Amino acid sequence: GRTVLATTIIFTVMVLHLGSGSAWATQIFIDQSGTSPAGGDPNLLTNTGSFDVGVAGISAILQKPLLLIVGVYDGNGTPSISYSGGVKYAPIGTYGLEMDSATFTRFSSGTAYTQLGLANGSGASSDSFGNWSGADVAHGLAAPSSFELYAFSLDTTLTGGSPISVDESGASLGSFIIGYDCLSGTGLCATGNIAATPLTNAGMISNTPEPDSWIFFGTGIAFLAIGTVIRKRRILNGRQLV
């Protein structure tokens, strides 16, 4: 009876965790892997040699090009983005872009997007210097003094349910990757037609696994521990099964 109860509790916790996702607006997500937003706040990228960029919403279709912005922790390194469809530094004027690089500090007003002249999209106000710095500190890094922003243009169109695989090299741990685009057919995309990446679905370069990995690892350990306790009790009670 106790074995069944313990198994039921663990299974219930797993189901609740897996089913706890939120409904997402038209947002671009940066995940280590997956076809939908993970919502890691931010999502940890432990292998920048191959990670996924996608758009939430199965019916969402974005324009070409896709902008990826890399915020380099304390300016440590120069980022490079590789994508099979082609990449270049984002041309000035793309979706209102005013510059393809900028310095982002605690004295900067607005978000990583507005530093480059882009309007904020859905949830983009969360990409403030304070939030990025706080996420770094929460994951064991020293508080940064700045982020150097670089905007890249990828020759592709994102569609819901079909993320693309991207490669980044050069940026240090604690750096962030976010996306920016417009809904298909909306040109320079006025407010309401912008697809951007909030902190919840931003990618942060890290060497620490996402919490989900530890949850399932811990679940496995819990099953082993329960089995060991039950076996010892059977031995003590003279009822060990052969």
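These numbers were taken from a predicted model, which means no experiment stands behind them.
- A donor-acceptor pair is defined here as one N or O able to donate and one able to accept, closer than 3.5 Å; such a pair exists between the side chain of N47 and the backbone of G49.
- Relative ring orientation between Y95 and Y180 is described as tilted, the plane-to-plane angle lying within the 30° to 60° band.
- In this structure a side-chain-to-backbone donor-acceptor pair under 3.5 Å is missing from D155 to G86.
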Given the rule in the side chain to side chain contact (heavy atoms under 4.5 Å, CB included) test, do L62 and L183 qualify, once you have shown the distances and angles that lead to the verdict? CA-CA 4 Å; L62 303 186; L183 295 177; 3.7 Å; yes
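- The shortest side-chain heavy-atom distance between Y150 and V72 falls under the 4.5 Å cut-off.
- Considering OG of S175 and CG of D136, their distance stands at 8.0 Å, rounded to 0.5 Å.
- Although no hydrogens or angles enter the test, the distance criterion places a donor-acceptor pair under 3.5 Å between the side chain of T197 and the main chain of G179.
- A 4.5 Å side-chain heavy-atom check between S80 and F152 finds every atom pair outside the cut-off.
- Between V166 and the options I30, T156, V87, L68, a side-chain contact (heavy atoms from CB on, under 4.5 Å) holds for only L68.
- A donor-acceptor pair under 3.5 Å is formed between the side chain of N131 and the backbone N or O of S126.
- With values rounded to the nearest 0.5 angstrom, C182 atom SG is found 14.5 Å from I61 atom CD1.
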Between H139 and L44, does a side chain to side chain contact (heavy atoms under 4.5 Å, CB included) hold up when you go through it step by step? CA-CA 10 Å; H139 287 88; L44 304 185; 3.7 Å; yes
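- Formation of a donor-acceptor pair under 3.5 Å by the S133 side chain with backbone atoms of G130 is not found in this model.
- Side-chain contact check for T111 and N120: at least one donor-acceptor pair (N or O, by modelled atom type) lies under 3.5 Å.
- Here Y73 and W132 keep their ring centres 6.0 angstrom or further from each other.
- Applying the side-chain contact (heavy atoms from CB on, under 4.5 Å) test between Q63 and each of L158, T186, T157 identifies T186 as the sole match.
- Pairing each heavy atom of G174 with each of L141, the nearest pair is CA-CD1, 3.4 Å.
- Side-chain contact check for T48 versus D167: every heavy-atom pair is 4.5 Å or farther apart.
- Under the 4.5 Å side-chain criterion, counting only non-hydrogen atoms from C-beta, P91 is in contact with S153.
- Residues A38 and N43 approach most closely at CB-OD1, 3.6 Å, considering heavy atoms.
- Note that OG1 of T105 is 8.0 Å distant from CD of Q115, once rounded to the nearest 0.5 Å.
- For P79 against V70, the heavy-atom pair with the smallest separation is CB-CG1, 3.8 Å.
- In terms of heavy-atom proximity, T103 sits nearest to S146 at CG2-CB, 4.2 Å.
- Rounding to the nearest 0.5 Å gives a distance of 11.0 Å between NZ of K88 and CG of L154.
- Minimum heavy-atom separation, P37 to A56: CG-CB, 3.6 Å.
- You'll find the side chain of I28 reaches within 4.5 Å of the side chain of D181, heavy atoms only.
- Across all non-hydrogen atoms, the minimal contact from I92 to L97 is CG2-O, 3.4 Å.
- There is a path of hydrophobic side-chain contacts, each under 4.5 Å, that joins F147 to M99.
- Here the side chains of E168 and I177 are in contact, with some heavy-atom distance below 4.5 Å.
- To the nearest 0.5 Å, atoms CD1 (I69) and CZ (F176) are separated by 13.5 Å.
- Going from atom CZ of F29 over to atom CD1 of I178 covers 15.5 Å, rounded to the nearest 0.5 Å.
- When side chains are defined from C-beta on, I164 counts as touching L66, because their heavy atoms get closer than 4.5 Å.
- Residues T94 and P65 form a side-chain contact, since some pair of their non-hydrogen atoms from C-beta on lies under 4.5 Å apart.
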